[in-house]
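Each ligand, and each atom within it, is numbered from 1 in the order the structure gives.
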Amino acid sequence: MTQRMKTIDDVWSGDMTNVLTTVINPLQNLTVVADQFAHQGSIIGIRPFGNGNINDTFLVTLDDPSETRFILQRINIQVFRHPHLIMRNMCLFTEHVRDRLQCTPLSRRWDVPQVLFTVDAQDHWQAADGSFWRAISFIDDSESFDTLHDVEHAREVGYALGMFHSLISDLSPCRLADTLEGFHITPLYLQHYNKILAKTRVSQSPEVSYCLQFIRDRQSWASILEQAKASGKLPLRPMHGDPKVNNVMFDTVTGQAVSLVDLDTVKPGLVHYDIGDCLRSGCNTAGEETEHWDTVYFEPDLCRGILQGYLSVANNFLTDHDHAYLYDAICLIAFELGLRFFIDYLAGNVYFKVKYPEHNLSRAIVQFKLAESIEAQERTIRTLIQDLR
Ligand code: GN1
Ligand code: MG
């Protein structure tokens, strides 16, 4: 019998433990886990790394002559119910890109994170408590940033996403598993939202009322990309799924973008989800964790920079329809992320890690304010998209 794929609906329908209760057991010896992936040298350092909202990430340093570092991650199996499929997609992706780059080398640096195998030649290690661990190479001499410094930085981020898409533009999406069903399907999030709303006693604080109204006013528009997909205007392609700005790695010396990391959500989708996600994170100069909602603003110059960089690589595989939906993609993914944060707030914070109970509510407001700023600048954004064609 085949197992039904766990969907995002299951995560929010309350049949799972809160991710907060699954924090690393302090007694669990991380060194034992890291050792599974350390083929040479011994471990001299393990520290928490980055600020991911789902998985637990560590940077491991070895005492070999070059102080090799690698990324160790515990996959959140409450969210990613089929972690083996993630590893399969990642291996397929990296092999494809390696072959492409061997056939047609680029004239500048571009690195792909590699899956590191255990000493037993497995792509992951499962602990006795069921936790699922995997290791990935660290992109040497690189760094990432939560917000963009200037337009040149924005161009590099856009270039990185364009290069990522371009290198897999000939990989058939049907070869990739759907590792997180419903991910970025905005109308499905709305369905979950309506279900949760129907069974939740919602507080009527001004913040909550703002979110409820914001979503109510945009329910019919929210299907725009899915309708375009269903009518054949937008094709299914392999996508990254989470190309936010801090997943782009920059060479510490040249300042050029050299990699796009965090490959957990590489799966079939629309490139529009990626473009929207990159722009909603890159053009929000206040960052997605701000509590100063009034300062949230979508910066059109950074938008132009990201799109210039993106289209400099991606223009050769984008169609007229692709261009026609760019504006909506930008606004939709900000709206969708706000909706996802708000649903999680209503559901009791079961998906995204939170630092306090209203954290997801605050994050939702940031995304809705950003969507408002995008809407207010619709003409400017549509014009700049047109000018870049
Ligand atoms: C999550 O865990 P992280 O930070 O890589 C989320 C993304 C959101 C992002 C918002 C699988 O990514 O979709 O855009 O938080 N990933 C998943 O910061 O839901
Ligand atoms: Mg991610």
> Is Tyr351 close to ligand 1, meaning an N/O of one under 3.5 Å from an N/O of the other?
Replying inline: yes
>> With nothing but distance in play, are any N or O atoms of Asn247 less than 3.5 Å from an N or O of ligand 1?
In response: no
Distance from [atom] to nearest protein heavy atom, with residue and atom:
atom: atom 5 (O) of ligand 1; answer: Asp242 OD2, 2.9 Å
atom: atom 18 (O) of ligand 1; answer: Glu288 OE2, 2.4 Å
atom: atom 14 (O) of ligand 1; answer: Arg280 NH2, 3.4 Å
atom: atom 16 (N) of ligand 1; answer: Ile54 CG1, 3.9 Å
atom: atom 13 (O) of ligand 1; answer: Arg340 NH1, 3.0 Å
atom: atom 2 (O) of ligand 1; answer: Asn53 N, 2.8 Å
atom: atom 8 (C) of ligand 1; answer: Leu337 CD1, 3.9 Å
atom: atom 4 (O) of ligand 1; answer: Lys244 NZ, 2.6 Å

Just say parallel, tilted or perpendicular for the rings of [X] and [Y], cut-offs at 30° and 60°.
X: Tyr325; Y: His321; result: tilted
X: His153; Y: Phe145; result: perpendicular
X: Tyr356; Y: His359; result: parallel
X: His84; Y: Phe132; result: perpendicular

>> Using the rule that Ile, Leu, Val, Met, Phe, Trp and Tyr join whenever any side-chain heavy atoms are under 4.5 Å apart, tell me whether Phe342 and Leu188 fall into a single cluster.
In response: yes
>> So, of the N/O/S atoms that Asp242 has, which is the nearest one to the Mg ion (ligand 2)?
In response: OD2
> With respect to the Mg ion (ligand 2), what is the nearest N, O or S atom of Asp262?
Replying inline: OD2
For ligand 1, which atoms have a heavy atom of [X] less than 4.0 angstrom away?
X: Asp262; value: 5 (O)
X: Phe80; value: 11 (C)
X: Gly52; value: 2 (O), 4 (O)

> Is the NZ or CZ atom of Arg108 both under 6.0 Å from the centre of the six-membered ring of Tyr159 and within 45° of that ring's axis?
Replying inline: yes
>> On the six-membered ring of Tyr210, is Lys369 placed so that its NZ or CZ lies under 6.0 angstrom from the centre and within 45° of the ring axis?
In response: yes
> For ligand 1, is any non-hydrogen atom under 4.0 Å from Arg363's backbone (N, CA, C, O), its side chain (CB onward), both, or neither?
Replying inline: neither
>> So if I apply the side chain to side chain donor-acceptor pair (under 3.5 Å) rule between Lys353 and each of Asp56, Asn51, Asn360, which one comes out positive?
In response: Asp56
> Does a donor on one side chain sit under 3.5 Å from an acceptor on the other, for Thr295 and Trp293?
Replying inline: no
>> Is a donor from one side chain sitting under 3.5 angstrom from an acceptor on the other, for Gln377 and Ser373?
In response: yes
> N/O/S of Asp264 less than 2.8 Å from the Mg ion (ligand 2)?
Replying inline: no
> Heavy-atom distance under 4.5 Å between the side chains of Gln114 and Ile136, does that happen here?
Replying inline: no
